[in-house]
Each structure stands twice: as C-alpha cells, then as structure tokens.
S.K.: 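One structure follows; several queries about it will come next.
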Amino acid sequence: MLASVNQLLQIVAIGVLSIFRPPYRWKNYLREISFVGSESFLVVIICVSFAAIVTIIEASYHMTLVVQSDAMVPGFASLLIIRELGSVITALLIGSRVGAGWAAEVASMKISEQIDALKLLRIDPIKYLVSPKIVGSVLGTLLLGLAANIICLICAMFVTKLKLGYPMPTFISMTKLFVEVQDLVFASLKLMTFGFVVPIIACFYGFRAKSGAEGVGSATTQAVVSISVAIIFLDFVLSYVFSHFY
Amino acid sequence: MKNETKVGLLFLFTSILVVCFVYLLGSFDLFSKSKEIHLLYNFAGGIEVGSPVRAMGIKVGRVENIRFDADQKDARGEEVKLILTVSIHERAWDTIREDSRFFINLAGVIGEKYIEISPGSSTAKHLQDGGYYRGIDPPRIDQLISQSYSLAGKILELVENNEGDVVSIIQNIDRLVVNVNKALSLVTNSKAKSEDFADLIGNMAQISGDVASISGGLRSKEAKETVHLLYRLMWRLEDLDKEAIKKFFQEDGIKAKLF
C-alpha cells in the first residue's frame, strides 16, 4: 500500500517537474494533445450533445409536473451544462478512451521490457512517457471540454426551440441571466484537474502491470475504473470548493 | 493531417467558440461605446454586479461595480453610503438628463433586479460622464411589514384602552346618521316648494358673496392704511389727559353735537 502511494507520488512529482526541464519533446506533446483533443472530438461532442438534449427534455417534464411551467428550463439547464454536465461527461469519455489507451500502452511497454530498455539508455521513463501525456491531457481536455460545453449549449438551444417552443433569443437571454463568465472559469479549472488525473492514474496502473496479456487487460480495466471514480470524487470536491465562491 | 494542424484547428475552433460565448454573455463588448455614471443609494434592494440598466424599458447598460463609502454625500449633503457604477450605452445617453430618476425595479417571474431610468426633460442638462447622481431607494419590504405590524398593534391597544369611548363614538355616529336621514326626509316631504329652497340657497350664496366682497375690501391697500392710521392715532391719544378726552367726547364733542 505504502509502496503504491510512493510510486503514485513519484509519478506525479517527476511527471510534473520534468515538463519544465529540457530536453523538450514538442512533437510528443503535440501528438498527445492531438490524441486527447482532436481525435476524441467527435465522440465527445456527440455524447455531450445528447446529454444536453435529454437534460432539457427531462427538466421540462419535471418543471411542468411540479410548477406547471417550464419557462426557467433554458436558464438552469444552461447552468447545469456549464457547471457539471459538459465537464464531467467530457472527462469520463476521455478517461475511458484515452486513459484505457495509455494504460494499455504503458503496460505493454512494461511487459515487453521496453521500459527497462529506456532505463538502460539513461532515459527517465516517467519523463519520457508521463510528462507529454500530462501536458497533452490537461490542454486537450481543456480545449475539448470548452468546445463541448458551448456546442452542448447550442444543441440545448435548438431542442428548446423545437421541443419547448421557446425562441432562440429567449434561450440566450435566460442563459445570460443564469450563466456568468465565472462559471466558465470554474468549468475550465475542473477540466484541467480531470485532465491531470487521467494520465497519472493510467500510467500508474501501466507501470504496475504484471506479465502477459492478462496483465495488460487487468491494468487497463483497473485504470479506467479508478479514473472514473477519481473524476466523480474530484467533481464533488471541486464543486464543494467552488460553491464558496458563488 | 499532421498533429500540428489538428491541434491548431482545435485551438482555433475552441477559441472562437469561447470568445463568441463570452461576448454573448455580455461580459465584454468590443464594439460598443458606453459612458459611466455613479448612482448613490442607501438601500439597493439586492442589485448585483452585472444587473441590467434599462431606460424606458430597454436595456442600455449594466451595473459595473458596487462599492461602499462611509464618507460619501449627495448634492444636498445627505449621507449616502452605497455607490453603484453603471455603464450606459451612447445611444441612450442623450435621453437621460439631470432630472432623470433612477429606480431599482423587479422584473420577471424570478424577480430579476434592474435599474430603471426615467427619461429627463429635454430642457434639463445632460449627465456628466463619471458624475454622481442620487438614485431612488426602493421600499424595504421588511421595514413596511414591521411598520404595519407596529401600527396594527397601536390601533389594537388604542381600541382596547378606550373600548367604552369607541363604542360611544360609534353609537353617536349611528344616531347622527339616523337624524340626518330624518332631516333629509323631512325636507323632501315638506310642503315648501322646491323654488323656495332654491331661493334660500340663492340668498345664502348672495350673502356669502357680499361677505367675501367686504372681507376682500378690508384686505385692500386703503383699508390697511386706514387701520394703520387708526392704530397710530390711538397710541397718540393714549398720552393725552384721559379726563380731557372724556370731556371732549362726552360733553363738548360728540355728545354736544348729537344732543
């Protein structure tokens, strides 16, 4: 247990500090940002948009049921999307897609002794493997999450028009009433935190992989589960902390 | 496609979306020209930074800043401790004058607070950019309820302490109404013709007219001078020998002439 915590802290410390130490492998950074942000773009946008559509329809149903009016739905659905839905769903999807990929990659390198080969070549495996992933994940998740949040709102606006019958200017004015730039800033901080957690946990389980194909599979599964739990837990912690600033 | 291109496109796309979104939220406006004024209140009724400012019901600006100042005073010297800095779009600037009034209002089903500016008269001066103007404090609901409660308590106490008097007053009013009713029915059923009543009212109107004319005459310049002269005369006579005056008035003067 103590050894695991030590290894995790080592990955965090060396991984973060190595970002600021030469040599800077820009191509590796760009490759990871592209892997997280650009290549996950479509799947994240589709999932988040559908989540927004469901939120609008369900909120309208519940509001009509309780207060006989869904006039407030565009406003608080926008707030919910910006503060919670957009960031968490994006992070969970990235955690599943990218986290699984990274855990499998590092685990394969571990069982095929490529990590040992890196050590022989006097290359720090954490600096070489983890640091680019941290940069790629933080920036990629931030860019993708912000885009997903706003596209999600655009989808919500169309659904509000088509399903609830409120014109688009009404949606915009309600959004302006509820949402502030502060919400977007807090959403960005959440996205960056989630983005930081994904490569740390993925690489941690990758480095601990046991030999054989079964070891890779097991490391990947554990990584995805841990990433999902960590994102949900961190979302609670961050929401609680940010609630003091509202 | 190269990784550089992919990342660049993602960055560009996200940046455009974020800028458009923040612009839409109205947090910054690149293309509008607005001026600022400071509104002074003692109670702002829950207004917040970002609350809209409307002139004649149309949004023309927003509350930019709220600050407290213990030493602030308005133009009449009244202490006003709350300063709201509001921006007003140039298109509405000309219609808002120094005699405009700045209300804090409530709108919508969720009670959104905003500042409503009534248009000033065209003869009044324009506002000064960065000037300080007194706003109209909204009524405090808690204070109104408290005052109503206190007033109701006092009325109740008054009634309880003077229960007998109150009953007596009500009974007297009741009797008065009955008597007035009887008097009116007597007038209605009397044999006197309606012309007589009309004459009576006509005469009364004439008398009151005459009295008004006399009293109006008394207020004239000549009448005032006469009264003043009489007054002075009385004072001058005061110093004379009372016996001599008496003799003059009673024996040699008025009385001698009359009899």
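To find a chain, count down the sequence lines: A is the first, B the second, and so on, and within it residues start at 1.
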S.K.: Check the surroundings of atom NZ in A/K161: do more than 12 heavy atoms from other residues, nucleotides or ligands lie under 6.0 Å from it?
M.R.: no
S.K.: Counting only heavy atoms from other residues, nucleotides and ligands, does the tally under 6.0 Å from CD of B/E90 exceed 12?
M.R.: yes
S.K.: Heavy-atom distance under 4.5 Å to chain B: side chain of A/L143, backbone, both or neither?
M.R.: both
S.K.: Answer yes or no: is there a side-chain heavy-atom contact under 4.5 Å between B/L17 and A/L146?
M.R.: no
S.K.: Is the CZ atom of B/R67 crowded by more than 12 outside heavy atoms at less than 6.0 Å?
M.R.: yes
S.K.: May I ask you to check whether over 12 heavy atoms, not counting those of B/F43, lie within 6.0 Å of atom CZ?
M.R.: yes
S.K.: More than 12 non-hydrogen atoms from neighbouring residues, nucleotides or ligands closer than 6.0 Å to CZ on A/F158, yes or no?
M.R.: no
S.K.: Given heavy-atom pairs under 4.5 angstrom as the criterion, report whether the side chain, backbone, both or neither of B/F13 touches chain A.
M.R.: side chain
S.K.: Where does A/I172 contact chain B at under 4.5 Å (heavy atoms): side chain, backbone, both or neither?
M.R.: side chain
S.K.: Could you look at A/F35 and say if it's the side chain, the backbone, both or neither that has a heavy atom under 4.5 Å from chain B?
M.R.: neither
S.K.: Working to the nearest 0.5 angstrom, can you tell me the gap between B/E48 CD and A/E180 CD?
M.R.: 7.5 Å
S.K.: To the nearest 0.5 Å, what is the distance between OG1 on B/T5 and CG on A/L30?
M.R.: 10.0 Å
S.K.: Can you tell me how far CG of B/L10 sits from CD1 of A/I33, rounded to the nearest 0.5 angstrom?
M.R.: 9.0 Å
S.K.: Which region of A/I150, side chain (C-beta onward) or backbone (N, CA, C, O), has a non-hydrogen atom less than 4.5 Å from a non-hydrogen atom of chain B, or is it both or neither?
M.R.: side chain
S.K.: Are the side chain of A/S38 and the backbone of B/K6 linked by a donor-acceptor contact shorter than 3.5 Å?
M.R.: yes
S.K.: Which bit of A/L153 comes within less than 4.5 Å of chain B, counting heavy atoms only: side chain, backbone, both or neither?
M.R.: side chain
S.K.: Would you say B/F21 and A/I82 make side-chain contact, with heavy atoms under 4.5 Å?
M.R.: yes
S.K.: Please determine whether the number of non-hydrogen atoms from other residues, nucleotides or ligands lying under 6.0 Å from atom CD1 of B/I58 exceeds 12.
M.R.: no
S.K.: Counting heavy atoms not belonging to B/Y114, are there more than 12 under 6.0 Å from its OH?
M.R.: yes
S.K.: Should the heavy atoms of other residues, nucleotides or ligands under 6.0 Å from CG of A/L42 be counted, would the total exceed 12?
M.R.: no
